[in-house]
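Letters A, B, ... are given to chains in the order of the sequence lines, protein chains preceding strands, and every chain is numbered from 1.
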Amino acid sequence: MHVHLHDLGPTPATLDDAAAQQERLRPLVDTTAPGPTDLRTAAGIDVAHHDGTDEVVAAVVVLDATTLRPVETRTVRGRAGHPYVPGFLALRELPVVTAALEELEHTPDLIVCDGAGVAHPRRFGLACHVGLLTGVPTIGVAKSPPLPFEMPKPARGSWTPQVEGDEVVGRALRTQHGVQPVFVSVGHRIGLDAACEHVLRLARHRLPETTRRADRLARDAALRV
DNA sequence: GCGACAG
DNA sequence: ATCTTGTCGC
């Protein structure tokens, strides 16, 4: 039962093409769906880079959402699709991420992406891209704020909204008491409340276990070249 | 023109 | 993302 990947059109060759693709796909994002009611498995994706080269490793980890134990792990080595440009992370990471998702034998109930969802200049960050690509509910969890934010109270679970214009596009969410918040935004097929609940459920440290596991796996694989 | 900008 | 030692806290 592999993850079925949808065709999102040709890979953009330029930043202008990529921006146009983001604008084109953005209306397809579903921000109002309830998300998975019974979260059995959650996947994390991350990409590790090399020194200054374009060699990258993508790692996908599927965790049992209750025990937080991995049920499947995959790594794929490849090349960055493009140098990193703010607002265009998908241009760089999506090629390897797609390759890693193709290897996946489990279809997770949720995918946690390292980066932004709709908290993005054109409301279409990497998590939205992965959501439309897979049809699986996705959320973005970023380690640094994509927008200015107000610091939430120190308690675990407290949060402040991230607003752009008159829209709430994400939250600064405290996953551990007194620890720097993470920045959660919806990717696809889930709402912000549910997204934050899942992040808290998956977080034993600052970052959700999905992200930590994928990060470590990709990093390890990148070192043993 | 200069700095900032998810990773 | 990546380059890096010690330090504080559970």
Revision key, fill the gap. For residues 140-162 of chain A, the side-chain hydrogen bond (donor to acceptor under 3.5 Å, both in side chains) pairs (sequence neighbours left out) are A:D114-A:K143
Revision key, fill the gap. Intra- and inter-strand pairing of DNA chain B, written as dot-bracket with Watson-Crick and G-U pairs under 3.5 Å and | for the latter, reads .......
Exercise for review: Report yes if some heavy atom in the side chain of A:T107 is under 4.5 Å from a heavy atom in the side chain of A:V136; otherwise report no.
Suggested key: yes
Can you pull every protein N or O that's under 3.5 Å from an N or O on nucleotides 2-10 of chain C?
{"unit_1": "C:dT2", "atom_1": "OP2", "unit_2": "A:R219", "atom_2": "NH2", "d": "3.1"}

Practice item. Could you check whether A:P145 gets within reach of a base, just the sugar-phosphate, or nothing at all, counting any heavy atom under 4.0 Å? Key: sugar-phosphate
Check your understanding: Hey, what else clusters with A:V61 if you join Ile, Leu, Val, Met, Phe, Trp, Tyr whenever side-chain heavy atoms sit under 4.5 Å?
Key -> A:L63, A:L217
Revision key, fill the gap. Bounded by its outermost nucleotides with an atom under 4.0 Å from a heavy atom of chain A, the footprint on DNA chain B reads B:dC5 to B:dG7
Review point. Measuring from A:R213:CZ to A:R69:CZ, what's the distance to the nearest 0.5 Å?
Key: 6.0 Å
Review point. Rest of the hydrophobic cluster containing A:L15 (Ile/Leu/Val/Met/Phe/Trp/Tyr, side-chain heavy atoms under 4.5 Å)?
Key: A:V85, A:F88, A:L91
Check your understanding: Residues in side-chain hydrogen bond (donor to acceptor under 3.5 Å, both in side chains) with A:D166, at least two apart?
Key -> none
Practice item. Describe the nucleic acid contact of A:F183 in one word from base, sugar-phosphate, nothing, applying a heavy-atom distance below 4.0 Å. Key: nothing
Check your understanding: Which residue pairs satisfy the ring-ring contact (aromatic ring centres under 6.0 Å, His included) criterion with at least one member in residues 39-87 of chain A, sequence neighbours excluded?
Key -> none
Practice item. Using the ring-ring contact (aromatic ring centres under 6.0 Å, His included) rule, collect all pairs that involve residues 118-139 of chain A, keeping only residues at least two apart or in two chains. Key: A:F124-A:H129
Exercise for review: Would you classify A:G87 as touching base, sugar-phosphate or nothing, given that sugar-phosphate means primed atoms plus P, OP1 and OP2, and contacts are heavy atoms under 4.0 Å?
Suggested key: base
Practice item. To the nearest 0.5 Å, tell me how far A:R206 CZ sits from A:L173 CG. Key: 10.5 Å
Review point. Can you tell me how far the CG atom of A:L101 sits from the NE2 atom of A:H4, to the nearest 0.5 Å?
Key: 13.0 Å
Point to revise | Secondary-structure notation, DNA chain C, from Watson-Crick and G-U pairs under 3.5 angstrom (| other strand) | key: ..........
Practice item. Check side-chain hydrogen bond (donor to acceptor under 3.5 Å, both in side chains) between A:R79 and all other residues, then give those that pass, not counting sequence neighbours. Key: A:D54
Exercise for review: Answer yes or no: is there a side-chain heavy-atom contact under 4.5 Å between A:E209 and A:R201?
Suggested key: no
Exercise for review: May I have all residue pairs that pass ring-ring contact (aromatic ring centres under 6.0 Å, His included) and include part of residues 168-224 of chain A, sequence neighbours excluded?
Suggested key: A:F149-A:F183
